[in-house]
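In the text below, chain A, chain B and the rest are named by the order of the sequence lines, each starting its count at 1.
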Amino acid sequence: MTTKLCQEPELARRALATMWTIRRFEEAVDDLFARGLIYGTMHLSIGQEATATGVCLALADDDLITSTHRGHGHCIAKGADLERMMAELLAKETGYCRGRGGSMHIADVARGNLGANGIVAGGIPIAVGAGLAQRLQGTRRVVASFFGDGAANEGAFHEAVNLAAIWDLPVVFVCENNQYGMSMPTSRAFRIPRISQRAAAYGIPGVTVDGNDIQAVYDETVVAVERARAGEGPTFIEAITYRWKGHSKSDKNLYRTREEIEEWKSRDPIGRFEAAVEAAGTFNRSEIETIRSSARDAVRDAIARAHAAPDARPDELRDAVYA
Amino acid sequence: MASTTIERTASDTRTCSYAEAIREALAQAMESDERVFLLGEDIGVYGGAFGVTTGLLERFGAERVRDTPISELGIVGAAVGAALAGMRPVVEIQFSDFTAQAMDQIVNQAAKIHYMLGGAASVPMVLRAPGGSGTGAAAQHSQSLEAWFAHVPGLKVVLPATPADAKGLLLAAIDDPNPVIFLEHKLLYKSSGPVPTEPVRETLGAARVHRDGDDLTIVATSVMVERSLQAADELAADGIHATVVDPRTIKPLDAATILAAVRRTGRLLLVQEAPLTGGFVSEIAALVAGCDALYSLVAPIRRLCGLDVPIPYAPQLERAAVPQVPDIVKAARELVMES
Ligand SMILES: Cc1ncc(C[n+]2csc(CCOP(=O)(O)OP(=O)(O)O)c2C)c(N)n1
């Protein structure tokens, strides 16, 4: 049995703080966007916090991840600096990508985040390559690759999973099945009820978990990470979850019902974990309240400092261009 | 090949947006030819990422307005196969950057089949995709990739710059017996202008001369046409008169219209959003330099292009990465003043 997150004060605190930070960060992004203070586009993972958090809790600090266009949660869960993230969204010189990348391209290589990705499935083969590098370098590091249900229908997914499988690479494929690829429901994009069934075709273990249950996500990731570290190869984890917000800023939500969205909001992964923590007697209401408010304060602080930072400079546009 | 002028009688036109003009072309083509069908990501209920196909699912049904999974190689390949087997597919690739995923089917299959099979088969398909920067979508969603396609024998490449051209050229592309890459521009979707209400086909391979002037010729593509026309207005106020030519299709290219304008004006400014190196306008420079039109030049040919840099996110950097109206005005002025 793996550790019960809700019973271990340190882990429970980390889990809650991370999930609340993701939630508050993305609510702030939503708001800044609506007020015209953030440019471009953004994809929010509100409602999916338990997946990013549960997976990253099971990783070591020097393990690696690849992320997606919906990547703020992965980035925060891997320990990113909120101010540099916010500065990136605000197109500041102090942002993770010096304002060159924006929301879809935040990376934090020092903390093992090889980057969000604007290309659906673009990160999956890269994760496999990073896993291959671990093998060739003889490290014990593991690579977790986040991607959506939609990405599992790209050719890149199939080629990458097969490579990792035949080479027994230390990769954990994490399919965040939020049930839609933009407007396309999984029921119309797949002939199989569970995307994890595809793992069998590549000869690797595949499991489906409740992605809104952080304990379940954590447990399966711990097993997958152990297997990867032991040189036994990759695992495919499908985490069923739901995005509360539209796909991006242009989404009118015409492909799903208000009732469905409300129904999923009632399965809030954060509220659920808070209830478990309280029931276990690990923290009381006011301690939980403190964790919440410090997440909010950390985000507020990050916004204030990011706002005050200098803008990216057009006269330095060609820096880092090598060809 | 003849160039078309922009005069049209007002009676048979209505004012609509570039996106609506494209939608109207799709609808009229589907109404008149049951072989025509659409496939692409989120083109049904969602109406396409930029709203171009809004309402078409309701009108034509899910068999002919086919929402696909996120599988660009698969859907372009399916279009190639359907075209070979007698259909007229129109594929939407959500951002032209994602044609990269489908490149084998575009380059090695669609483009080659007719010739490679000795003319025994053809691939009458259209691939529509929006390109260009200006929306803060950053490096993987903002490219101008027309030169990739123009470099492959077997593909026609269209870059409509106005609502009327978008409609007329798309109808022509759908009618064409061979594969056509139809590159729309995100910033133009909301632009509006007069569009023929009837399904009037434009000619693939005919440039449009938007404006006549004796001092220089500006050849511009896609969103740079609008910017060049604005620049031409400013220049005219200074007494500098520009001819503005939009090739509209870069393959086939209406060389005659471009060369005639160069011979008449003696100066050539080429404007594109795509990066300078290996860009399509360099081909036009080579065309002029390789024939007698060279002797009409009183100044070196000037290329004003995007910088050789991935499109950055920050708005002020993004703007600086590609030509803007003041850049065109400045380049034109220098070209005229220095000679
Ligand atoms: C290759 C490619 N095709 C299409 C897109 C446009 N697009 C961006 S996100 C998205 C949906 C992705 O769905 P999924 O993988 O399930 O992730 P989610 O958005 O649900 O997190 C689409 C179609 C893209 N960015 N890249």
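Looking only at side-chain heavy atoms (C-beta outward), A/Gln48 and A/Tyr242 stay at 4.5 Å or farther from each other.
Ranked by heavy-atom pairs shorter than 4.5 Å toward chain A, the options B/His141, B/Arg319, B/Glu41, B/Gln140 are led by B/Gln140. For the set A/His105, A/Lys92, A/Glu88, A/Arg313, the entry with the most heavy-atom pairs within less than 4.5 Å of chain B is A/His105. Contact count versus chain B (heavy atoms, under 4.5 Å) is highest, among A/Gly181, A/Gly122, A/Ala151, A/Ser250, for A/Ser250. Among the candidates B/Gly47, B/Pro315, B/Pro69, the residue making the largest number of heavy-atom pairs closer than 4.5 Å to chain A is B/Pro315. Ranked by non-hydrogen atom pairs under 4.5 Å with chain A, the options B/Ala49, B/Gly136, B/Gly51, B/Ala100 are led by B/Gly136. For chain B, the option among A/Gly95, A/Gly40, A/Ala121 with the highest count of heavy-atom pairs below 4.5 Å is A/Gly40. When A/Met184, A/Glu316, A/Glu154 are compared by the number of non-hydrogen pairs under 4.5 Å with chain B, A/Glu154 comes out ahead.
Only the side chain of A/Met104 comes within contact range of chain B, with at least one heavy atom under 4.5 Å from a heavy atom of that chain. The part of B/Leu307 that comes within reach of chain A is its side chain, from C-beta onward, which places non-hydrogen atoms under 4.5 angstrom from that chain. Of the atoms belonging to B/Gln101, it is side-chain heavy atoms, and not backbone ones, that fall under 4.5 Å from chain A. B/Ser71 touches chain A through backbone and side chain together, each having a heavy atom under 4.5 Å away. For A/Asp315, no part lies near chain B; criterion is any non-hydrogen pair under 4.5 Å. With a 4.5 angstrom heavy-atom cutoff, A/Asn253 does not touch chain B via any of its atoms. Contacts between B/Thr277 and chain A at a heavy-atom distance below 4.5 Å are absent for every atom of the residue. Contacts between A/Ala323 and chain B at a heavy-atom distance below 4.5 Å involve the backbone alone (N, CA, C, O).
More than 12 heavy atoms of other shown residues, nucleotides or ligands fall within 6.0 angstrom of atom NZ in B/Lys186. Counting non-hydrogen atoms of neighbouring residues, nucleotides and ligands closer than 6.0 angstrom, the CD atom of A/Gln179 exceeds 12 such neighbours.
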Under the criterion side chain to side chain donor-acceptor pair (under 3.5 Å), I'd like the reasoning laid out for B/Glu184 against B/Tyr189: C-alpha separation, chi angles, the key distance, then a yes or no. CA-CA 8 Å; B/Glu184 299 160 11; B/Tyr189 281 131; 2.5 Å; yes
Tell me, with the steps shown, if B/Thr221 and B/Phe280 meet side chain to side chain contact (heavy atoms under 4.5 Å, CB included). CA-CA 10 Å; B/Thr221 53; B/Phe280 186 78; 5.7 Å; no
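Ring-centre distance between A/His247 and A/Tyr180: not below the 6.0 Å cut-off. Aromatic pair A/Phe173/A/Tyr202: centroids not less than 6.0 angstrom apart.
No side-chain donor from either of B/Ser17 and B/Ser192 sits under 3.5 Å from a side-chain acceptor of the other.
Ring planes of A/Tyr39 and B/Tyr313: tilted class, angle from 30 to 60°.
A pairwise comparison of heavy atoms in B/Glu318 and B/Pro312 identifies CB-O, 3.5 Å as the closest pair.
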